[in-house]
Amino acid sequence: MKIAIIGTGYVGLPSGVGFAELGHTVTCIDNDQDKITSLKQGKLTLFEKGLEEIFNRHRLSGRLSFTSSMAEGVSGADVVIIAVGTPPHPKTNEADLSYIFAAASELAPLLDSYKVVAVKSTVPIGTGDQVENIIAEVNPSARCDVISLPEFLREGLALHDFFNPDRIVAGTDSEKAREVVKAMYQGMVSDDKLLFVRRRSSEAIKYVSNAFLAVKIHYINEIADLCEQVGANIAEVARGVGMDSRIGSKFLNSGPGFGGSCFPKDTMALSFMAHANSVNLTLVDATINGNFLRKKKMANRILHLVKGVRRPNVAVLGLAFKQDTDDCRESPAIDIVKELLTKTNGFINITAYDPKAMHTADKLLGDQIKYAPDMYSAVKGADVIAVLTEWDEFRTLDLARAADLVNHRNIMDCRNLLNKDQAEKSGFTYHCIGS
Ligand code: UGA
C-alpha cells in the first residue's frame with residue numbers, strides 16, 4: 001500500500017518510518033525545503049530514540065522517500081495522512097487549524113482517484129467536517145473519505161508505541177475507509193485493538209485521553225505536596241495506589257509539572273471547546289491552572305535553597321520536557337529557568353546541561369543562561385543543583401565528585417532521580433518531591 005504523510009514533525013516522521021517498517025511505501029511531504037533536503041541526505045531533523053537506524057534502512061531501500069511537492073508525494077497514494085502542527089492560538093488557546101486547512105486545500109485538486117484522507121494531527125471535534133467541506137469546495141469531484149486517525153505516540157518512545165499500540169482508533173462511517181485502515185495496520189494489531197467509531201468521537205478520544213493523563217499527573221503532584229507535609233512518601237503512595245488495576249501504575253510519577261507539545265496544548269484546547277459549548281470541565285481547568293503554578297513553586301523552592309547568596313549560581317540538569325527527546329516545547333525546565341531569571345531580575349547565573357536538548361533550549365533561552373558540555377562542568381561552582389528532566393544519565397552523577405566541585409551543597413531534585421542517602425553522605429542538603 002502507498003501512504004503519503006503531510007508534515008514531518010514528531011508525529012509525521014516516526015509514523016512514516018513505522019509504516020515503512022510495516023512494508024508500506026511511504027512518501028513524507030513537507031513544505032520546509034530545508035527539512036526535506038536534510039531528510040533526503042539521511043540527516044534526521046529531530047531526535048527520537050531508535051529512529052535513525054530504521055529511517056536510514058528504509059530511505060536506502062527506497063521504501064521511504066521525501067518531497068516538498070504535494071503533487072509528487074500524493075501521486076498514486078491509497079492514504080494521505082495529515083500530520084501538520086495545530087499550535088495553540090497565543091491569545092485564545094484555541095487550536096490553530098490554519099496548517100490543516102492549507103494542507104486540505106492543496107490536497108483537494110489531487111484527489112482524482114479514491115484516497116483515504118486521514119487526519120492524524122490533534123484537532124478539535126468537528127474538524128473532519130471542515131476538512132471535508134474544504135475539499136468539496138475546492139474540488140467538487142474529489143474522490144475520498146476524510147477520516148480521523150489520532151495518534152497516541154509518546155515522544156522518546158514513539159517507535160515503541162507505534163509498534164505496540166494499546167489501540168488504533170479510526171473515526172469513519174465508511175466501510176471502504178475501514179478496510180483501508182485494516183490494511184494499513186495488517187499484521188501489527190489484532191482486530192480487537194482496532195476501534196472504529198464515528199469521526200467526532202475519534203477526535204474526542206484523543207483530547208479526552210491526553211487530558212485524563214494530565215489530570216492524573218496533576219493529582220499525583222498535589223498528593224506529593226500533601227505527602228511532604230504529613231510525612232508520607234509519594235513513591236510508596238503511588239506504588240500502592242497504582243497496584244489497583246482500576247487506577248493503574250502509569251503516569252503516577254510526581255515532578256515539576258507536565259509539559260511538552262501535547263498535554264498543555266490539548267488541555268487548553270479541550271477547555272476552550274467546553275467553554276464554547278457552555279460546558280464546565282472543572283477538573284481540566286484546575287489541572288491547567290495548577291500545572292502553571294507548579295512551575296513557579298519549583299522555582300521558588302530552588303531560590304529558597306540559595307537564600308542569602310548574592311547572585312547565586314544554579315546548575316540546571318535537564319532542559320527537555322522529558323527524557324529521551326530534544327524537544328523543549330512547553331518544557332517545565334524552560335519555564336522554571338525563565339521564572340528564576342524573572343524572580344531575580346536576572347541577578348542569577350544559570351548553567352545548564354542536557355544530553356540532547358541544548359540546541360532547542362538555546363532557541364528559547366538564548367544567552368540568558370550558559371550551557372555546559374557535561375554534568376560536572378554544569379555543577380562546578382554551583383550553589384544549588386536543580387534536576388529538572390529525568391534523563392537516565394543524571395542517575396549516574398557521582399555525588400562525591402559533584403560535592404567537591406560545587407560552591408554550596410544543595411540539591412533540588414524535581415524528578416526524584418538521585419539517591420537521597422548518597423547525596424546526604426556526600427554532604428548535600430537534598431530536597432525532592434513528595435517526601
Ligand atoms: C503524550 C501522550 O502520552 C501520548 O499518548 C500522545 O500521543 C502525545 O502526548 C500526543 O498527543 O502527541 P508526550 O507529550 O510525548 O505524549 O509525553 P508524555 O510521556 O505523555 O509526557 C508528558 C509530560 O508529562 C512530560 O512533561 C512528562 O515529564 C510528564 N509526566 C509524565 C509526568 O510528570 N509524570 C508522569 O508520570 C508521566
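Throughout, residue positions are numbered sequentially from 1 according to the sequence presented. Start at 1 and go down the list; that is how both ligands and their atoms are numbered. The figures here come from the full heavy-atom set of this structure, side chains too, leaving out hydrogens, waters and symmetry mates.
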**Prompt:** Any Lys/Arg nitrogen of Arg199 or Asp129 sitting under 4.0 Å from an Asp/Glu carboxylate oxygen of the other?
**Reply:** yes
**Complete:** Contacts satisfying ring pair (Phe, Tyr, Trp, His ring centres under 6.0 Å) that involve residues 152-174 (not counting sequence neighbours) are Phe19-Phe162
**Fill in**
Using heavy atoms and a strict 4.0 Å limit, residues surrounding ligand 1 turn out to be Glu151, Phe152, Leu153, Arg154, Glu155, Lys206, Asn210, Ile217, Phe251, Leu252, Asn253, Phe258, Gly259, Cys262, Phe263, Asp266, Phe321, Lys322, Glu390, Arg415
**Item:** Any donor-acceptor pair under 3.5 Å from Arg178 side chain to Thr172 backbone
**Value:** yes
**Prompt:** Are any side-chain N or O atoms of Lys120 and backbone N or O atoms of Leu149, one a donor and one an acceptor, separated by less than 3.5 Å?
**Reply:** yes
**Asked** Can you name the residues that form a side chain to side chain donor-acceptor pair (under 3.5 Å) with Lys49, not counting sequence neighbours?
**Response** Asp324
**Complete:** Applying ring-ring contact (aromatic ring centres under 6.0 Å, His included) to Phe428 and not counting sequence neighbours gives none
